[in-house]
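One structure below.
Count residues from 1 along the sequence.
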Amino acid sequence: MKDISLEKPAGVLVKTTCVDYPGMLAGSFFLKGCNLRCPYCYNSDLVKEGSSNQNLSSLNELFNHLEKRQGILKGIAISGGEPLLSPYTKIIIKKAKELGYKIKLDTNGTLPEKLEELLSDKALIPDFIALDIKTSLSKYKSLICSGNSIYCKIDNFFEDSIGKSIRLLSSLSSESREFRTVLVPSLIGRDDIKNIASILPQNASWQFAQFKNENCLNPDFNKIIPYSDKEIQELVEYAQSFISGAQLR
């Protein structure tokens, strides 16, 4: 940790947000680097190796902002990319807690051991965790995982790793976690909703979001027509038949 520079470009700083931390005026920091290649991802500059660091802020810039906004902002959302891959995440959590901020962590659930490290340390445990579930876990290998990824070569990797992360979050209070799914037509249908619902806690807050067909990591997804309002309503209502806390955000 002591060799990590606080001056290097590390992530995209959103100085003020009303949407990234539920019910709280917050800042957001989107850390560079991800172990998945979700075809609909719009944070492609954070995912692609060798992409420009032009718009990235350092940790010192983040901390200076948090110090200036004390008493105005109440929380900081740490996202990505996948923040559990980054050595900066623990540093951000510790500093933000020192400044009195609530911590929200966004994760894709593929690194349960790193998630468990945070949950087992009072100095690092986030106040709120959001876990993204992209589609049925059995489809990750073919639809979400990059072809040259080591994860694609491990049998049942996604079922085991994300399943464990869901169980870890299930042990937390329902007010301190949520599960999120983007309604991408090629990834989420009724069968996928049923499959995902079967592994979530019954008291889950399951937040759905509309798919936006713009700036997708896979350009082919820019051509996909999003679900209509009627179709979205039907899918969310179907999810509510399994998980009462399912809703469209």
Side-chain angles (χ1 to χ4, degrees), residues 1-38 40-132 146 149 165 180 212 214-217:
M1 288 288 187
K2 64 183 180 181
D3 296 326
I4 295 175
S5 171
L6 301 185
E7 296 291 347
K8 288 184 177 180
V12 174
L13 172 61
V14 177
K15 293 185 175 181
T16 304
T17 174
C18 298
V19 298
D20 291 335
Y21 199 137
M24 193 173 297
L25 187 65
S28 295
F29 201 67
F30 292 81
L31 286 159
K32 187 174 176 64
C34 192
N35 57 350
L36 296 183
R37 292 296 181 269
C38 304
Y40 62 90
C41 177
Y42 57 86
N43 283 336
S44 58
D45 285 345
L46 296 175
V47 171
K48 293 178 180 176
E49 294 182 8
S51 58
S52 171
N53 289 338
Q54 183 177 355
N55 297 318
L56 300 186
S57 299
S58 68
L59 262 60
N60 271 344
E61 290 175 289
L62 168 64
F63 297 156
N64 288 337
H65 175 67
L66 293 180
E67 288 171 354
K68 290 177 182 177
R69 302 291 284 177
Q70 276 182 291
I72 300 173
L73 300 180
K74 302 300 181 183
I76 177 71
I78 307 172
S79 191
E82 172 49 55
L84 290 180
L85 282 174
S86 175
Y88 296 126
T89 295
K90 290 182 180 180
I91 298 172
I92 295 171
I93 292 175
K94 287 181 178 179
K95 180 64 175 180
K97 281 180 177 285
E98 288 174 8
L99 294 173
Y101 284 90
K102 296 289 187 180
I103 310 295
K104 172 178 176 274
L105 178 78
D106 296 336
T107 181
N108 61 32
T110 59
L111 302 166
E113 290 76 17
K114 292 184 179 294
L115 179 60
E116 194 167 21
E117 279 183 33
L118 300 185
L119 295 177
S120 61
D121 188 333
K122 289 184 178 180
L124 294 173
I125 185 169
D127 300 282
F128 194 90
I129 300 175
L131 196 158
D132 292 310
S146 169
S149 170
S165 290
R180 308 186 305 192
K212 295 182 180 180
E214 54 188 37
N215 301 318
C216 294
L217 181 63

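To the nearest 0.5 angstrom, L59 atom CG is 5.5 Å from F29 atom CZ. To the nearest 0.5 Å, the span separating CG on L105 from CD1 on I93 amounts to 6.0 Å. Remark: S28 OG to L13 CG distance equals 8.5 Å, nearest 0.5 Å. Note that OG1 of T16 and NE2 of H65 are 5.0 Å apart. Values are rounded to the nearest 0.5 Å. The OG atom of S57 sits 11.5 Å away from the CD atom of E7 when rounded to the nearest 0.5 Å.
Counting only heavy atoms from C-beta outward, the side chains of T107 and D132 never approach each other to under 4.5 Å. P126 has its side chain within reach of L118: a pair of non-hydrogen atoms, C-beta onward, lies under 4.5 Å apart. Side-chain atoms of C18 and L25, non-hydrogen and from C-beta on, do get closer than 4.5 Å to each other. Proximity of K97 to D127: side-chain heavy atoms (C-beta onward) are separated by under 4.5 Å at one or more points. Under the 4.5 Å side-chain criterion, counting only non-hydrogen atoms from C-beta, L131 is not in contact with D106. The shortest distance between side-chain heavy atoms of Y101 and R69 falls below 4.5 Å. Between L6 and I91 the shortest side-chain heavy-atom distance falls below 4.5 Å.
Salt bridge absent: K90 and D121 never bring a charged side-chain N and a carboxylate O closer than 4.0 Å.
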Worked check of side chain to side chain contact (heavy atoms under 4.5 Å, CB included) between E117 and L119:
CA-CA 6 Å; E117 279 183 33; L119 295 177; over 6 Å; no
Using the side chain to side chain contact (heavy atoms under 4.5 Å, CB included) rule, take L217 and Y40 through it: C-alpha gap first, then chi angles, then the decisive distance, then the call.
CA-CA 6 Å; L217 181 63; Y40 62 90; over 6 Å; no
Before you tell me yes or no, could you show the steps for T110 and N108 under side chain to side chain donor-acceptor pair (under 3.5 Å), namely the whole-Å CA-CA distance, both residues' side-chain angles and the distance that decides it to 0.1 Å?
CA-CA 6 Å; T110 59; N108 61 32; 2.7 Å; yes
Derivation of the side chain to side chain contact (heavy atoms under 4.5 Å, CB included) call for I76 and L62
CA-CA 10 Å; I76 177 71; L62 168 64; 4.1 Å; yes
Show the numbers, then the answer: is there a side chain to side chain contact (heavy atoms under 4.5 Å, CB included) between I103 and I92?
CA-CA 9 Å; I103 310 295; I92 295 171; 6.0 Å; no
Can you list the steps and then say if E82 with N35 is a side chain to side chain donor-acceptor pair (under 3.5 Å)?
CA-CA 7 Å; E82 172 49 55; N35 57 350; over 6 Å; no
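The shortest heavy-atom contact between G109 and P112 is O-CD, 3.9 Å. Nearest heavy atoms, K94 versus A123: CG-O, 4.3 Å. Taking all atoms of both residues into account, the shortest heavy-atom contact from V14 to T17 is CG1-CB, 4.3 Å. In terms of heavy-atom proximity, S5 sits nearest to Y88 at O-CE2, 3.8 Å. Contact detail for E61 and L56: the closest heavy-atom pair is OE1-O, 4.3 Å.
At most 12 non-hydrogen atoms from other residues, nucleotides or ligands lie less than 6.0 angstrom from OH of Y42. Residue-environment remark: NZ (K102) stays at or below the threshold of 12 foreign heavy atoms within 6.0 Å.
Proximity of a side-chain donor or acceptor of K32 to a complementary backbone N or O of P9 within less than 3.5 Å is not detected. Checking side-chain atoms of K104 against main-chain N and O of A26 turns up no donor-acceptor pair under 3.5 Å. Side chain of S86 to backbone of P83: no donor-acceptor contact under 3.5 angstrom is found.
Counted by atom type alone, N43 and N215 present zero donor-acceptor pairs between their side chains at under 3.5 Å.
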